[in-house]
Amino acid sequence: MSTRSRPPSLAGSDHAASSRFPATRMRRNRKAPWTRELVAEHRLSPSDLIWPMFVIEGKDKRVPVASMPGVERLSVDLIVEAAKEAVTLGIPAIALFPFTDPAKRSDDASEAFNSDNLVCRATRAIKKAKLDLGVILDVALDPYTSHGHDGLLIGDEIANDETNAALIRQSLVQTEAGADVLAPSDMMDGRIGAIRAALEASGHKNTQIMSYAAKYASAFYGPFRDAVGSAGFLKGDKRTYQMDPGNTDEALREVALDLEEGADMVMVKPGLPYLDVVRRVSETFKVPTFAYQVSGEYAMLAGAFERGWLDENKTVLESLLAFKRAGAAGVLTYFAPKAARLLKP
């Protein structure tokens, strides 16, 4: 047996003399449900979940997302009903994303600054219902741009500083609508500091920022772009601002910068393929670290469930527990309502 694969030694401890079978039987602590519960190292609960939802125009309207079986775009009135369901299930927060009418998309993303846009209306409706629920709004321009990018396109470049100015406008509109948490997902340099300064200057000192601090240029986002209507608009790719999937040290630098600039929480995206990054971030910084089980991860599992290849209930909970084991404080997941029902006593 190599040193690398050798189990931990108890040499020098009081247990050294009795550490071998049959004195030690690891299965003793697994013999019954009560003892497995007693010694469990990590637990999953509904309070670990954030439910992402897609908002669409209309009333009493629900439109299935073809690439995400079981996920629907909901009109504002139905979003409020889903928010009430989240409260009943013990889910502490939801994250809203808009399906923007293509006619309202523009090069300058002006609909993002409209105080009556979809996510602002949905947020106000939820707040009017006086629900004990956090509302997280995405800060990025991709649902609103005619080219599908997260920032402003000037020539052939996504312009960093000009985009930051636009993100400030978007953040203030969303905060005025009642957003509890702003979640910048654009990956522009310096945007957290710019948004934090604007919030302080406008009297919104208690608005939280959950930064997408380590967001990778991933192939797992395709179904999400379908859900928000960006897939057909995207020109090129996002590798000049989202991270290279091969880099992890860079993720630590990104997180450190966002924390210095005023982020309250950080996120790693995607989720399961990047659990090593979740672990490094949570252990290095000891701050609330979240992960997003993104649309591509959901679609793969949902497709397997539809074909009977995997046990749906067991797989959903196991996949989410993996995030907790890696050190995540919570998970954004489209499985949130299902998982919460399974976890309810």
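Not measured: the values here are computed from a predicted model.
- Nearest heavy atoms, Thr163 versus Gly151: OG1-CA, 3.4 Å.
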Next item on the list: Give the C-alpha distance, both sets of side-chain angles, the deciding distance and a yes or no for side chain to side chain donor-acceptor pair (under 3.5 Å) between Thr248 and Arg280.
Entry: CA-CA 8 Å; Thr248 60; Arg280 289 195 70 186; 2.9 Å; yes
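- Closest approach of Pro46 to Pro92, counting heavy atoms only: O-CD, 3.5 Å.
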Next item on the list: Would you check, one step at a time, whether the test salt bridge (charged side-chain N to carboxylate O under 4.0 Å, His left out) holds for Glu37 with Arg43?
Entry: CA-CA 9 Å; Glu37 280 291 307; Arg43 300 179 188 276; 2.9 Å; yes
Item checked: Worked check of side-chain contact (heavy atoms from CB on, under 4.5 Å) between Thr175 and Leu199 -> CA-CA 9 Å; Thr175 304; Leu199 291 172; 3.6 Å; yes
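- Side-chain N or O atoms of Tyr216 include none that pairs as donor or acceptor with a backbone N or O of Tyr274 at under 3.5 Å.
- Between Glu250 and Arg253, none of the side-chain N atoms (NZ, or NE/NH1/NH2) sits under 4.0 Å from a carboxylate O, so this pair counts as no salt bridge.
- Between the side chain of Asp311 and the backbone N or O of Lys314, at least one donor-acceptor pair lies under 3.5 Å.
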Checklist line | Test side chain to side chain donor-acceptor pair (under 3.5 Å) applied to Gln293 and Ser319, step by step | finding: CA-CA 9 Å; Gln293 188 178 45; Ser319 71; 3.2 Å; yes
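- If you chain together hydrophobic residues whose side chains sit under 4.5 Å apart, Leu172 and Leu152 fall into the same group.
- Under the 4.5 Å side-chain criterion, counting only non-hydrogen atoms from C-beta, Asp258 is not in contact with Tyr212.
- Environment of CD in Glu200: crowded, with over 12 heavy atoms of neighbouring residues, nucleotides or ligands closer than 6.0 Å.
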Margin query: Apply side-chain contact (heavy atoms from CB on, under 4.5 Å) to residues Val55 and Val76 and explain how you reach the verdict.
Written below: CA-CA 6 Å; Val55 194; Val76 170; 4.0 Å; yes
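- Across all their heavy atoms, Ala340 and Leu49 have their closest contact at N-CD1, 3.9 Å.
- Proximity of Asp138 to Leu96: side-chain heavy atoms (C-beta onward) are nowhere separated by under 4.5 Å.
- Salt-bridge formation is not detected for the pair Arg325/Glu41: no Lys NZ or Arg NE/NH1/NH2 atom is positioned less than 4.0 Å from an Asp or Glu carboxylate oxygen.
- In this structure, Leu259 and Val266 have side chains that are in contact, with non-hydrogen atoms separated by less than 4.5 Å.
- Both tests hold for Lys269 against Tyr292: distance to the six-membered ring centre under 6.0 Å, angle to the ring axis within 45°.
- Looking at heavy atoms from C-beta onward, Leu118 lies in side-chain contact with Glu57 at the 4.5 angstrom threshold.
- Each of Met188 and Leu234 belongs to its own hydrophobic cluster when Ile, Leu, Val, Met, Phe, Trp and Tyr are linked at side-chain heavy-atom distances under 4.5 angstrom.
- By the rule that hydrophobic residues join a cluster once side-chain heavy atoms approach within less than 4.5 Å of another member, Val277 and Val255 end up as members of one cluster.
- With hydrogens and angles disregarded, a donor-acceptor distance shorter than 3.5 Å links the side chain of Ser106 to the backbone of Ser110.
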Check: Which is it for Ser230 and Asp142 under the side chain to side chain donor-acceptor pair (under 3.5 Å) test, yes or no, and what are the steps along the way?
Finding: CA-CA 7 Å; Ser230 292; Asp142 54 318; 4.7 Å; no
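- A distance-only check finds no donor-acceptor pair linking the side chain of Ser115 to the backbone of Val173 [under 3.5 Å].
- Cluster annotation: Leu301 and Ile50 are assigned to the same hydrophobic cluster (Ile/Leu/Val/Met/Phe/Trp/Tyr, side-chain heavy-atom contacts under 4.5 Å, transitive).
- By the neighbour-count criterion of 12 heavy atoms within 6.0 Å, atom CZ of Phe220 is sparsely surrounded, having that number or fewer from other residues, nucleotides or ligands.
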Note to self: Pair Asp48, Leu320 - check side-chain contact (heavy atoms from CB on, under 4.5 Å), show working.
What the structure shows: CA-CA 9 Å; Asp48 295 317; Leu320 294 174; over 6 Å; no
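- Using a 30° and 60° split on the angle between ring planes, Tyr298 and Tyr334 fall in the perpendicular class, above 60°.
- Proximity of Met265 to Gln208: side-chain heavy atoms (C-beta onward) are separated by under 4.5 Å at one or more points.
- Using a distance-only test at 3.5 Å, with no hydrogens or angles considered, no donor-acceptor pair links the side chain of Thr315 to the main chain of Leu310.
- Seen from the ring of Tyr221, Lys238 does not count as a face-on cation partner, given the 6.0 Å and 45° thresholds.
- For the pair Arg105 and Phe233, the cation sits on the ring face: its NZ or CZ lies under 6.0 Å from the ring centre, inside 45° of the axis.
- When all heavy atoms are compared, the tightest approach of Val228 to Phe97 is CG1-CB, 4.1 Å.
- Taking all atoms of both residues into account, the shortest heavy-atom contact from Ala66 to Asp226 is N-OD2, 4.2 Å.
- Taking 4.0 Å as the cut-off between side-chain N and carboxylate O, Glu261 and Arg191 do not count as a salt-bridged pair.
- Annotation: the span from Ile195 atom CD1 to Ser171 atom OG amounts to 3.5 Å, rounded to 0.5 Å.
- With contacts defined as side-chain heavy-atom distances shorter than 4.5 Å, the pair Ser185/Val139 does not qualify.
- A salt bridge is absent between Arg121 and Asp77; no separation between the charged side-chain nitrogens and carboxylate oxygens falls under 4.0 Å.
- In this structure, Phe224 has its ring center closer than 6.0 angstrom to the ring center of Phe54.
- Using a distance-only test at 3.5 Å, with no hydrogens or angles considered, no donor-acceptor pair links the side chain of Arg62 to the main chain of Glu72.
- When the shell of 6.0 Å around CG of Asp116 is examined, it contains more than 12 heavy atoms from other residues, nucleotides or ligands.
- Here the CG atom belonging to Asp189 is positioned 5.0 Å from the CG atom belonging to Asn160, to the nearest 0.5 angstrom.
- Looking only at distances, no side-chain donor or acceptor of Thr284 sits under 3.5 Å from a matching main-chain atom of Val281.
- Side-chain atoms of Asp150 never come within 3.5 Å of backbone atoms of Leu141 as a donor-acceptor pair (strictly under, hydrogens ignored).
- Residues Lys31 and Thr35 form a side-chain contact, since some pair of their non-hydrogen atoms from C-beta on lies under 4.5 Å apart.
- Side-chain atoms of Thr123 come within 3.5 Å of backbone atoms of Val119 as a donor-acceptor pair (strictly under, hydrogens ignored).
- Annotation: side chain of Thr289 is not in contact with side chain of Phe285 (no heavy-atom distance under 4.5 Å).
- For the pair Arg239 (side chain) and Asp244 (backbone), a donor-acceptor distance under 3.5 Å is absent.
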Item checked: Test log, rule side-chain contact (heavy atoms from CB on, under 4.5 Å), inputs Ile168 and Gln170 -> CA-CA 5 Å; Ile168 290 171; Gln170 183 184 24; over 6 Å; no
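- Taking CG from Asp107 and CG from Leu153, the interatomic distance works out to 7.5 Å, rounded to the nearest 0.5 Å.
- Val65 and Phe99 fall into different hydrophobic clusters, where Ile, Leu, Val, Met, Phe, Trp and Tyr are joined by side-chain heavy atoms under 4.5 Å apart, directly or via other members.
- Atom-to-atom distance recorded for Met68:CE and Arg73:CZ is 10.0 Å, nearest 0.5 angstrom.
- Nearest heavy atom pair, residue Ala86 against residue Trp51, reads CB-CE3, 3.9 Å.
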